[in-house]
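Okay, structure first, notes after.
Just so we're clear, the structure is a prediction, and the values are computed from it rather than from any experiment.
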Amino acid sequence: MSSSRPPEGYLGATARITGGPAPELVEAGYALEISDAPLLHRGLTLADLAHLAELVECGALTRDEAAPVGAGLLKLLDTPAAGFPYDPVYGDAYNSRERELERELGPAAGRLHLGRTRREAGRIAFRLALRGRLLSLHADVAAFAQAVADQAARQAGTLWADTTYLQPAQPATFGHYLGGFAEQAVRHLDRIETAYTRADVSPAGAGGAGGTRLPLDRGRLARSLGFGAVGPHTRDAMWSADVLADAVLAAAQATATLSQLASDLEIFASPAFGYLTLDASLCRASVLMPQKRNPYALPVLRGGAGTLVGRLTGLLATGLTPSARTDNWLYAYGEVAGALDLADRLVRLGTAVVNGLSVQADVLAGQAASHFTAAADLAEELAQRFRLDYRTAYRVVGRAVAATLAGGGGELTVTAVISAAAEITGAELPVTADLLDAVTDPGTAVAARDAPGGGGPPRGREDGPRGWRRARRPEPLSSPADRGASASGARGSAPSTTWTRSPGDPARNSPRASSIRYSTDCVIASCNTAITAA
């Protein structure tokens, strides 16, 4: 191992860290942590500013002591991460920042660490970044749900043969099929909201694990940072990583819906089915075969969803440690942020896919009238009209279908049904052509499904997708910034982060300005008030 002395300013060099850092440690560990610097850069400065202001408020520092540090931090706030000299030799982003502040401010920079660990600052910075990503994902999932609802409304009267096991099952509308994915998306919004609420909890003032002996006001710290709540248990707020898993789980579930839809659409878009086509901008050509039009966006969605499941599994696996360990956090920042960013991109791609669908209504209608899709309807009609038990009626229709196929036919006839009834029950049923035609007509079969949640017109047009869109229109969540919070009310009066639905179209009301802007305004206001010397 290297016996070289640590670089100047290396934390611990004047105590027990007498050598290093080993280049292997820098390459495998420190470089990994410093790669999170762009993610944490602004949030770390906000955490520093809030902590410095609170040290003044609680009397731990005087305004004169805090003023130069505050000025340096405010200058740093406007410095992009790319313009800051992060150096993995010094460890993580926090330590690298500490070294740079010492160069600029001298010993005064050391006042910033009173009553707080670097991990606390990192946890705050990451939660701020996580909130912003959850807001962005929520807005994009809402836009996806709206796109599916709009497409479902357009296809509310498009007949098709719904399937189970990819086998023709019963007549339905293609709009009803699509509406099921919109319902899933709305549930994903609920999951993302829950993940946000759990992320919107402040670890500020937690110290290493058990709090600090300084009289810091944790509630005031939380409000200045724009958090909606204070972590009720300091050790839990600092070290528990389940909140991160909740966020990635919500993202993975949202993309699982995309994967399921993409799997269906790839089948439906194949020439063997010909149900629909994707927009050409979402397809790719074959290098070898000039006739091909590959629906490239669909495997991107499926592969991305699988990748997110892998990332979630990895995150859960790294959490299988004793409590208060670095293992479950060392890889978490970049992995969680990357997972949410990937989910966001996939959801936006899924929205483009849905918006670009061209549905072949005539092909779908032809399938709805084929493959004996109204067989169950006929069995129900026989059971009710002739007072048969359903299983007997089921056997009659099943026998009629089998006999028709054996004879090379593709459509039930009165003769086939009467003969099947005689074979199964020992008596002929007075089935007429009018009865058979009425029951097996796909439009009639769909229209009969008028229960709430059913897909048949007129409910499919009025109470189905369009009614669904009116009653369950997915709308974005507003962050504190979007609700008009101002920096002037930052100290002691910032509103808690509660979810409200903003009116209007999701695409026009995206909350991507998010609570980070609110946090920035609040912290700067607090810092200016607390540390500006008279």
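A salt bridge is defined here as a Lys NZ or Arg NE, NH1 or NH2 lying under 4.0 Å from an Asp or Glu carboxylate O, and Asp150 with Arg154 fails to meet this definition. Arg103 and Glu100 are joined by a salt bridge, as a carboxylate oxygen and a charged side-chain nitrogen come within less than 4.0 angstrom of each other.
The distance from atom CG of Leu74 to atom CG of Asp48, rounded to the nearest 0.5 Å, is 11.0 Å. Atom CG of Leu40 sits about 11.5 Å away from atom CG of Leu46, to the nearest 0.5 Å. A distance of 14.0 Å separates OH of Tyr296 from CG of Leu278, quoted to the nearest 0.5 Å.
Heavy atoms of other residues, nucleotides or ligands lying less than 6.0 angstrom from OH of Tyr331 number 12 at most. Glu104 CD: more than 12 foreign heavy atoms inside a 6.0 Å radius.
Cation-pi geometry between Arg5 and Tyr10 is not met at under 6.0 angstrom from the ring centre and within 45 degrees of the axis.
The ring of His41 has its center closer than 6.0 angstrom to the ring center of Tyr86.
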Validation: residues 297-316 side-chain donor-acceptor distances under 3.5 Å, sequence neighbours left out:
residue : atom : partner : partner atom : Å
Arg302  : NH1  : Glu266  : OE1          : 2.9
Arg302  : NH2  : Glu266  : OE1          : 3.2
Thr307  : OG1  : Gly303  : O            : 3.0
Arg311  : NH1  : Gly338  : O            : 3.1
Thr313  : OG1  : Val309  : O            : 2.8

Report, one line per pair, each donor and acceptor closer than 3.5 Å where one atom sits in a side chain of residues 207-217; sequence neighbours left out.
residue : atom : partner : partner atom : Å
Thr212  : OG1  : Leu214  : N            : 3.1
Asp217  : OD1  : Gly219  : N            : 3.0
Asp217  : OD1  : Arg220  : N            : 3.0

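Residue Val69 is tested with Leu61, Leu55, Leu52 for a side-chain contact (heavy atoms from CB on, under 4.5 Å); the sole match is Leu52.
Aromatic ring orientation, Tyr94 versus His113: perpendicular (interplanar angle above 60°, classes split at 30° and 60°).
With hydrogens and angles disregarded, a donor-acceptor distance shorter than 3.5 Å links the side chain of His51 to the backbone of Leu114. Checked by atom type and distance alone, the side chain of Arg42 pairs as donor or acceptor with a backbone atom of Leu77 at under 3.5 Å. Remark: the backbone N or O of Gly231 is paired with a side-chain donor or acceptor of Arg218 at under 3.5 angstrom.
Scanning for ring pair (Phe, Tyr, Trp, His ring centres under 6.0 Å) contacts around Phe268 gives Trp160, Tyr177, Tyr275, with sequence neighbours left out.
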Salt bridge (Lys or Arg N to Asp or Glu O under 4.0 Å) between Glu33 and Arg119, intermediate numbers included: CA-CA 12 Å; Glu33 291 192 282; Arg119 297 297 177 199; 3.5 Å; yes
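Counting only heavy atoms from C-beta outward, the side chains of Leu282 and Leu349 approach each other to under 4.5 Å.
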